[in-house]
Protein chains: 2
Amino acid sequence: MATPTDGTRDDAGRVRRVTRADVARAAGVSTAVVSYVMNDGPRPVAPETAERVRAVMAELGYRPNFTARALNLGTTHTLGLVLQDTLNPFFAELAQSLERAASARGYHLVVAESHGDPATEQRLVAELTGRQVDGLLLMSSGDRWRDPAPRDPRDPPTVLLDCAGPVAGRHTIGPDAADGARAAVTHLAQTHGRRRTGLVIGPDGLASPDPRIVGWRDAIAAHRVIEGPLMIETWSNAGGYRAARRLIETGTLPDALFVSSDAQAIGVVRALLEAGVDIPRECPLVSFDGTRAGEYTWPALTSARQPVGEMADLALDLLTSERSTPRHHAFPVGLVLRESCGCPPTPPSVASDH
Amino acid sequence: MATPTDGTRDDAGRVRRVTRADVARAAGVSTAVVSYVMNDGPRPVAPETAERVRAVMAELGYRPNFTARALNLGTTHTLGLVLQDTLNPFFAELAQSLERAASARGYHLVVAESHGDPATEQRLVAELTGRQVDGLLLMSSGDRWRDPAPRDPRDPPTVLLDCAGPVAGRHTIGPDAADGARAAVTHLAQTHGRRRTGLVIGPDGLASPDPRIVGWRDAIAAHRVIEGPLMIETWSNAGGYRAARRLIETGTLPDALFVSSDAQAIGVVRALLEAGVDIPRECPLVSFDGTRAGEYTWPALTSARQPVGEMADLALDLLTSERSTPRHHAFPVGLVLRESCGCPPTPPSVASDH
DNA sequence: GTGAAAGCGCTAACAC
DNA sequence: GTGTTAGCGCTTTCAC
């Protein structure tokens with residue numbers, strides 16, 4: 001009875017990898033046949049031969065070497081994902097959806113974090129390209145790619161996520177953020193009668209100006225609302241916390257707040273509650289993203305929700321299916337009504353975990 | 001003036017990859033010299049030759065093929081990371097630290113999610129191994145590896161993270177969870193005078209029984225506290241929410257709560273607040289993990305903090321440095337006092353984002 | 001239905 | 001200091 005390491009030791013007796021050649025030898029066939037069996041083609045193999053080869057593979061504990069295959073085929077079935085901040089709940093959910101979508105299509109994801117630094121981002125793109133990834137998923141300020149250095153035709157196909165609008169020669173995916181902002185401010189004005197709405201947002205958003213600022217102003221104009229303070233802080237819990245603290249300390253807290261990310265909204269809620277501000281009575285708020293993290297603040301966040309699952313699926317189709325001509329893909333963001341705006345409480349969707 | 005694609009088209013005129021051979025030819029040297037220049041060895045190269053080679057590389061836009069290098073060297077500089085749930089704040093923070101630690105050492109991470117399913121986990125390990133990863137970082141119930149199938153000597157070095165104790169033949173890393181639980185319950189008893197403390201935990205924890213249950217019982221015995229209800233729900237916001245709802249609905253809410261993960265604690269806080277329970281007055285709580293997400297609930301979570309950064313650094317050292325004999329590495333978990341236990345409020349560490 | 005052999009792009013031992 | 005060359009493990013064309 002052969003053990004997995006029979007005949008797989010080198011002259012010094014060390015364990016050696018079992019290769020396709022070992023299998024071929026043991027099965028008394030050529031290496032080509034082993035390939036045909038493994039890949040079910042491109043040439044036919046007699047059933048009994050195939051069976052014998054499979055038996056030998058099992059016996060020897062043969063494991064195909066993916067690297068060798070990749071070198072030969074020129075394809076790694078790997079995609080690179082560059083994120084700014086994996087802890088931001090929106091990025092985290094999108095990353096999770098992307099991983100699922102990739103996995104469903106037989107791809108693996110190499111994930112790297114840029115911390116929003118352009119130089120790091122460039123370095124990571126170069127590194128991943130050198131690793132022969134079959135595609136690149138980039139989440140970064142879309143503006144950064146708007147005037148790209150002349151693109152190298154050997155670059156892997158790329159999709160820019162979290163992008164405000166078209167970028168020449170690129171597939172881009174993003175929310176219809178202006179529309180989401182408009183819906184948020186309109187809801188605050190029309191349903192909850194708020195007349196002065198501020199905005200919390202971050203630097204280097206989807207574009208300049210960020211469409212959420214545009215949408216906020218649009219809705220303000222349309223509903224004769226007064227423009228409240230515009231606070232720019234980092235895209236994080238801490239950023240939101242700081243923004244809200246400043247509003248409180250300077251006594252400029254408006255009638256209502258539109259917060260451009262769930263990450264910031266969580267910090268805003270914390271700061272407001274800490275200061276004894278009643279949400280939604282004194283300062284209702286609507287956020288942007290609609291992540292599950294926003295379901296678990298108290299009060300839970302009413303949010304303009306980005307359809308992360310659909311975005312991820314499209315991103316993967318773009319990278320793994322037939323090439324289509326680059327264009328922008330905008331996704332609608334619908335308002336998810338929870339209680340931070342003043343709507344009646346709804347318990348979190350607790351039936352399932354996801 | 002050569003452009004990046006000069007001489008890099010095949011007979012059909014399609015863009016071809018620039019290889020080391022193209023560089024060698026254009027520079028009038030052998031391929032070996034190009035290698036020596038790139039790798040700065042193993043043989044010396046005349047400065048002027050090296051300069052010429054570098055110039056040609058730049059001119060041609062040469063990009064080394066990582067796959068080919070990996071095949072030759074038998075090392076991919078890639079590590080596999082298998083997580084159960086990327087949205088759990090503790091896993092997310094650990095994953096972020098691991099990515100940083102990997103990046104600092106020149107490694108990339110292939111990240112995959114098992115959703116806690118043992119079969120998926122096994123499949124992912126096999127896939128990643130086939131991809132010739134240089135090491136595997138596994139976050140899963142340690143018990144699952146306790147009686148491993150006879151290990152294949154060709155498996156990549158592996159470290160089990162979030163592990164309660166030693167597993168034969170494996171490097172394992174984990175928190176001293178029993179100690180953390182003890183500290184939590186003791187703090188609730190001694191500092192805040194709580195006499196009846198319940199526990200919220202999840203299924204398939206660090207071990208069976210989970211050391212947090214053991215520590216909780218230890219402290220209960222040591223401080224003559226009454227054992228409150230033991231609630232088992234999933235390791236998620238939703239799980240925590242459900243646990244707290246059940247406690248409220250059945251009128252069994254204890255004097256204080258030790259919640260075994262920040263993910264659950266966020267859900268517990270939400271449910272308690274929603275039901276009008278005053279935290280910390282009516283039901284103080286201490287959680288386990290000490291993630292940054294726990295800084296932004298209101299009240300913020302007092303937590304037994306796991307040192308994720310240190311754990312990640314050790315994991316990477318174990319995988320990338322000289323082989324040491326497998327053993328368990330336990331990390332101390334210290335209590336981070338915030339306000340959910342009843343200690344005086346402290347604002348979140350807002351100075352920096354990380 | 002099967003096998004021989006070229007080659008994917010790179011490294012490094014060995015010869016000069 | 002530089003060049004030649006034999007692989008790394010796999011796929012696939014082409015002959016038989």
Side-chain angles (χ1 to χ4, degrees), chain A residues 8 10-11 14 16-54 56-57 60-77 129-134 154, chain B residues 8 10-11 14-54 56-57 60-77 129-132 134 154:
Chain A
T8 58
D10 63 13
D11 301 338
R14 283 182 301 260
R16 224 201 48 211
R17 275 214 148 68
V18 177
T19 72
R20 195 205 60 242
D22 297 317
V23 175
R25 199 173 315 115
V29 297
S30 77
T31 60
V33 171
V34 180
S35 267
Y36 301 154
V37 171
M38 288 223 46
N39 306 335
D40 198 22
R43 316 275 6 244
V45 176
E48 47 278 19
T49 312
E51 204 33 69
R52 187 153 33 94
V53 169
R54 264 186 277 270
V56 171
M57 290 196 307
L60 259 39
Y62 168 65
R63 299 183 189 174
N65 182 324
F66 205 90
T67 305
R69 186 170 209 272
L71 175 58
N72 194 306
L73 260 27
T75 174
T76 54
H77 263 60
T129 302
R131 273 174 190 258
Q132 324 297 120
V133 294
D134 291 342
R154 301 158 304 168
Chain B
T8 59
D10 61 14
D11 301 338
R14 284 182 301 260
V15 178
R16 225 200 49 209
R17 276 215 147 66
V18 177
T19 72
R20 196 209 52 232
D22 298 317
V23 176
R25 197 174 316 116
V29 298
S30 76
T31 61
V33 171
V34 180
S35 265
Y36 301 154
V37 171
M38 289 225 45
N39 307 335
D40 198 21
R43 316 274 8 245
V45 175
E48 46 279 19
T49 312
E51 204 35 69
R52 187 152 34 94
V53 169
R54 266 187 275 270
V56 171
M57 292 198 302
L60 259 37
Y62 169 65
R63 298 181 189 176
N65 182 323
F66 205 89
T67 306
R69 185 169 209 270
L71 174 60
N72 194 307
L73 260 27
T75 175
T76 54
H77 263 60
T129 302
R131 274 176 188 257
Q132 323 298 118
D134 292 342
R154 301 158 304 169

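Chain identifiers are assigned alphabetically (A, B, ...) following the order of the sequence lines, protein sequences preceding nucleic acid strands; residue numbering begins at 1 within each chain.
- The separation between B:E51 atom CD and D:dG1 atom P is 16 Å, rounded to whole Å.
- A search for side-chain hydrogen bond (donor to acceptor under 3.5 Å, both in side chains) contacts involving B:R131 returns A:T78, A:H108, not counting sequence neighbours.
- Residue A:T19 places none of its side-chain N or O atoms closer than 4.0 Å to OP1 or OP2 of D:dG9.
- Rounded to whole Å, the distance from CZ on B:R25 to P on D:dG3 is 14 Å.
- Looking at B:T76, its side chain does come within 3.5 Å of a backbone N or O of B:Q132 through a donor-acceptor pair.
- Taking B:R54 as the reference, B:V37, B:A50, B:E51, B:M57 meet the side chain to side chain contact (heavy atoms under 4.5 Å, CB included) condition, with sequence neighbours excluded.
- Within 4.0 Å (heavy atoms only), A:G130 reaches no atom of the nucleic acid at all.
- Checked against side chain to side chain contact (heavy atoms under 4.5 Å, CB included), B:R69 has the following partners two or more places apart in sequence or in another chain: B:N39, B:L73.
- By the side-chain hydrogen bond (donor to acceptor under 3.5 Å, both in side chains) test, B:T75 pairs with B:D134, sequence neighbours left out.
- Summary for the helix from C:dG1-D:dC16 to C:dC16-D:dG1: the axes at its two ends, each from 5 pairs, differ by 40° when rounded to the nearest 10 degrees.
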In B/S/- notation (B base, S sugar-phosphate only, - none; protein heavy atoms under 4.0 Å), nucleotides 11-16 of chain D written 5' to 3' is BBBBB-
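- Here the straight-line distance linking atom OG1 of A:T19 with atom CG of A:L60 works out to 9.0 Å at 0.5 Å rounding.
- Nucleotides of DNA chain C with any atom under 4.0 Å from a heavy atom of chain A span, from 5' to 3', C:dG1 to C:dG9.
- Distance alone, capped at 3.5 Å, is enough to place a donor-acceptor pair between the B:R52 side chain and the B:A27 backbone.
- A distance of 13.0 Å separates CZ of B:F66 from CG of A:L71, quoted to the nearest 0.5 Å.
- Taking atom CG of A:L60 as the reference point, atom P of D:dG9 lies 14 Å away to the nearest angstrom.
- The minimum heavy-atom distance linking A:Y62 with A:V18 is given by the pair CD1-O, 3.5 Å.
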